[in-house]
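Structure, as structure tokens:
Counting begins at 1 with the first residue of the sequence.
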Amino acid sequence: MGAHTYAMDYTEAKHRIEQLKAILWENSRKYYVENAPTMSDYEYDQLMHELEDWERRYPQYATPDSPTRRVGSDLEEKSEAGFAKFPHKYPMLSLANTYSIQEVEEFAERASKGLDRPFSYCCELKFDGTAICLTYKNGKLFRALTRGDGVQGDDVTRNALRIASIPHTLKGSGWPEEFEIRGEVLMPYESFDRLNQEREAMEEPLFANPRNAASGSLKLQDPEEVGRRGLFCTLYHIPTGQVDFPTHDEALKAASQWGLPVSAERKICHNIAEIESFIRHWDGARKQLPYATDGIVIKINEMDCQQELGYTAKSPRWAVAYKFKAEQACTPILSIDYQVGRTGAVTPVANLEPVLLSGTMVKRATLVNEDQIRALDIHEGDWVYVEKGGEIIPKITGVEESRREPGARIPAFPHVCPDCGTPLVREEGEAKWFCPNSKGCPTQIKGRLEHFVSRKAMNILCGEATIDQLYNLDLVTLPSHLYALKAEQLVMLEGWKERAAARFLESVKASLEVPFERVLFAIGIRFVGETTARDVARHFGSIDAIASATQEELLEVPEVGEVIARSIFHYFLDVENCREVEALRAAGLHMSVEESDRRLSDALEGKTIVISGNFSISRDEMKALIEAHGGKNSSSVSGKTSYLLAGSKPGPEKLRKAEDLGVPVIDEEAFRALINQPSDAPTLF
């Protein structure tokens, strides 16, 4: 009996270890590669600790490929991802995590036992971004690598050059001829909110948090788009042996003097009480920061002590990360709405009893799709746990089953469109249900109209209430109908006066000058965002060429994959879509690049220009003027920038960056002289 139990213990241990390894590696892939984690950091860390415990008790089942011995990898599996791979000069390891002050004390005790002399701690914020390793040679940025698998990383240098806070050339003196410095690429909350608003408008999947958004942005194929994402970098570690400083803190101070972006939010501590005080302070103060942090990193400050303590296979023994628990609240679901988007996707949204979370009152939280409702086992009236923490979008993470009312029912996901009553469909490979009645569903029709008139599309003065009014009166059901409206029709409507009608019609007339690439964006082909519309328009040149293109020809456009190519191809197979395009053409909209994007000159051919400040014309008009003379717009100053065009109140960071890189700064007068008679513009700053 005892031998049988003994064998069962070993069988159970082996099974659980294999199970945990599979779960952790799968979630590591989703976290690092797909930027779409399916469990919280806390859940992941708890499973990792469980695996460590099993492997300690049954070492015969601990293998070299275990997640406890290898860092998660962000390396792309497919070679077509386009990133070359290079080795790190020093392994890029991960930190041991803890959520307990007691375990921080145990870390300090282990360090004391391993060292025979006094030492201090350098406590820093743990930034919730994506790891990066920068190599500088002779004071210039040579290479930027992701963490990868810790041994080698993906080369993202051309994208790193678009991140304004990463210097291309170091300042001052004293830096080594060649050295690596590590840190994080972050997406501030403001940039994150803007990006998700854009994705929501396009009904694209939202990023769950700034870390995922930063990681996904760093791996984009288009450096220009990376520059538009508003990323910034903070650096916190120069591997031992590359610089000759007695302490980690002094090395970071030197890096700051060289112009590298090092966080000043750190403190030298001498005991656990001081460490605890630092943790308590930032557990509250972090909520005021413009970017996400998820803990505190405690490092042995003295470099010789770091070398003596050394490393495990996965982590340094001289550092530990204390992680903050995500802020959470428990509140009841009052009801669930099912919202229809302009592409027909139906999204469930939970209406909650209002609850204060991370400084804001949370009233609603998306339930994503039907599968998410089932996975969470949500019943009507359930009390649910809502988190923000690093998550800016309120997210339901679990159910408090002890508070569930007897007989509570599972919510029935609608089988028909909540707006038009059409039976919903769910295509193979899709997570969402869709209303297929795209031509007759009022919500979809009005959603497409709102998209068409939006600022980045046709920029017509027409809000949601106006769209509702015009649609409900059957005056506008297609975008082309906007161009047939008359002043005498509008002034007869409730709330309209002559001046309002005139301003509206003026904006309709002005939209006839919108360039073709924005027209293509405005017509609302599914998955075709602003950038994709621009790339497709410039590749084919006209709406006719796009409409007659095969899926294979569409795939030749950079950044256009199978899903987008199929969507564009099927859009133009629809007779009604083609009829609407012809109606828009007849109304006078530009349907070719030749009509809308004629060059006025080649004065700026080969020149990349960054604009900053205010001008005599709008910034969009200034950018169009640059392109009309053969120039290229960029959002961030880099070594490839030809000019910084500075209007009134230019950004000081861009001015500083231009000065550091020796980029000429010109004002509007000099710019206009430049495009009238091609010549080198004078440097004004």
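If you look at Phe671 and Tyr643, their ring centroids are not closer than 6.0 Å. The ring of Trp496 has its center closer than 6.0 angstrom to the ring center of Phe504.
A donor-acceptor distance shorter than 3.5 angstrom exists from the side chain of Glu580 to the backbone of Ser480, with no hydrogens or angles considered. Side chain of Ser642 to main chain of Thr608: a donor-acceptor pair is present (N/O by atom type, distance under 3.5 Å, no hydrogens or angles). Judged purely by atom type and a 3.5 angstrom limit, Asp602 has no side-chain atom pairing as donor or acceptor with the backbone of Glu605. With hydrogens and angles disregarded, no donor-acceptor distance shorter than 3.5 Å links the side chain of Asn437 to the backbone of Thr422. When atom types are taken as modelled, the side chain of Ser215 and the backbone of Asn212 share no donor-acceptor pair closer than 3.5 angstrom. His539 places no side-chain N or O within 3.5 Å of a backbone atom of Ile546 that could act as its donor or acceptor partner. Within the 3.5 Å criterion, the main-chain N or O of Arg211 finds no donor-acceptor partner in the side chain of Asp128. Judged by distance alone, the side chain of Ser567 and the main-chain N or O of Ile564 form no donor-acceptor pair under 3.5 Å.
Side-chain atoms of Pro418 and Val340, non-hydrogen and from C-beta on, do get closer than 4.5 Å to each other. Looking at Cys435 and Asp419, their side chains never come closer than 4.5 Å, going by heavy atoms from C-beta outward. Taking the side chain as every heavy atom from C-beta outward, Val560 and Gln551 never approach each other to under 4.5 Å. No side-chain heavy atom of Val156 sits less than 4.5 Å from a side-chain heavy atom of Val226. In this structure, the side chains of Leu584 and Tyr483 come closer than 4.5 Å at one or more pairs of heavy atoms. Using a 4.5 Å heavy-atom cutoff, the side chains of Lys456 and His451 are not in contact. By the 4.5 Å heavy-atom criterion applied to side chains, Arg229 and Leu220 are counted as neighbours. A heavy-atom distance below 4.5 Å is not found between the side chains of Glu530 and Arg534.
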Legend entry - Candidate pair Glu668 and Arg672, rule salt bridge (charged side-chain N to carboxylate O under 4.0 Å, His left out), full reasoning: CA-CA 6 Å; Glu668 185 173 349; Arg672 291 188 179 278; 3.1 Å; yes
Legend entry - Stepwise side-chain contact (heavy atoms from CB on, under 4.5 Å) check, Leu604 with Ile675: CA-CA 7 Å; Leu604 301 177; Ile675 59 178; 3.8 Å; yes
Inset, instruction - Could you walk me through whether Tyr571 and Val528 pass the side-chain contact (heavy atoms from CB on, under 4.5 Å) test, one step at a time? - result: CA-CA 11 Å; Tyr571 179 89; Val528 177; over 6 Å; no
Legend entry - side-chain contact (heavy atoms from CB on, under 4.5 Å) assessment of Thr532 paired with Ile525: CA-CA 11 Å; Thr532 301; Ile525 303 173; over 6 Å; no
Legend entry - Candidate pair Asp574 and His570, rule side-chain contact (heavy atoms from CB on, under 4.5 Å), full reasoning: CA-CA 7 Å; Asp574 188 304; His570 283 284; over 6 Å; no
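The minimum heavy-atom distance between Ser548 and Ala545, with the atom names listed, is OG-O, 3.3 Å. Taking all atoms of both residues into account, the shortest heavy-atom contact from Pro436 to Leu424 is CD-CA, 4.4 Å. Nearest heavy-atom pair, Ala214 versus Val185, reported as atom, atom and distance to 0.1 Å: CB-O, 3.6 Å. Taking all atoms of both residues into account, the shortest heavy-atom contact from Leu520 to Ile523 is O-CG1, 3.2 Å. Here the closest heavy-atom approach between residue Leu470 and residue Cys462 is recorded as CD1-SG, 4.5 Å. The minimum heavy-atom distance between Thr343 and Arg526, with the atom names listed, is CG2-CG, 4.0 Å.
Of the charged side-chain nitrogens involved, at least one lies within less than 4.0 Å of a carboxylate oxygen, so that Arg228 and Glu225 count as a salt-bridged pair. Salt-bridge check for Asp544 with Arg585: passed, with a basic side-chain N closer than 4.0 Å to an acidic carboxylate O. The residues Glu517 and Arg538 are annotated as salt-bridged, a charged nitrogen and a carboxylate oxygen being separated by less than 4.0 angstrom. Ion pairing between Glu190 and Arg194 fails under the 4.0 Å rule for side-chain N and carboxylate O. Contact check on Arg518 versus Glu513 returns no salt bridge, with no Lys/Arg side-chain nitrogen under 4.0 Å from an Asp/Glu carboxylate oxygen.
In the displayed structure, Lys497 atom NZ is contacted under 6.0 Å by at most 12 heavy atoms of other residues, nucleotides or ligands. Within a 6.0 Å sphere centred on CD of Gln372, heavy atoms belonging to other residues, nucleotides or ligands number more than 12.
Taking CD1 of Ile445 as the reference point, atom OG1 of Thr477 lies at 6.5 Å (rounded to 0.5 Å). Distance CG/Leu449 to OG1/Thr466: 11.5 Å, rounded to 0.5 Å. A distance of 6.0 Å separates CD in Glu553 from CZ in Phe540, rounded to the nearest 0.5 Å. Distance check, rounded to the nearest 0.5 Å: CD of Glu669 to CG of Leu674 gives 12.5 Å. Atom CD1 in Ile460 sits 5.0 Å away from atom CG in Leu482 (nearest 0.5 Å). Rounded to the nearest 0.5 Å, atoms OG (Ser638) and CD1 (Ile166) are 12.0 Å apart.
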If you look only at distance, which donor and acceptor atoms sit under 3.5 Å apart when one is on a side chain in residues 346-357 and the other is two or more places apart or in another chain?
{"unit_1": "Thr347", "atom_1": "OG1", "unit_2": "Lys432", "atom_2": "NZ", "d": "2.8"}
{"unit_1": "Asn351", "atom_1": "OD1", "unit_2": "Arg364", "atom_2": "NH1", "d": "2.6"}
{"unit_1": "Asn351", "atom_1": "ND2", "unit_2": "Ser335", "atom_2": "OG", "d": "2.9"}
{"unit_1": "Asn351", "atom_1": "ND2", "unit_2": "Asp337", "atom_2": "OD1", "d": "3.4"}
{"unit_1": "Asn351", "atom_1": "ND2", "unit_2": "Asp337", "atom_2": "OD2", "d": "3.0"}

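The aromatic rings of Tyr291 and Phe232 sit tilted relative to each other, their planes meeting at an angle between 30° and 60°.
Side chain to side chain, Arg162 and Ser634 meet the donor-acceptor criterion of an N or O pair below 3.5 Å.
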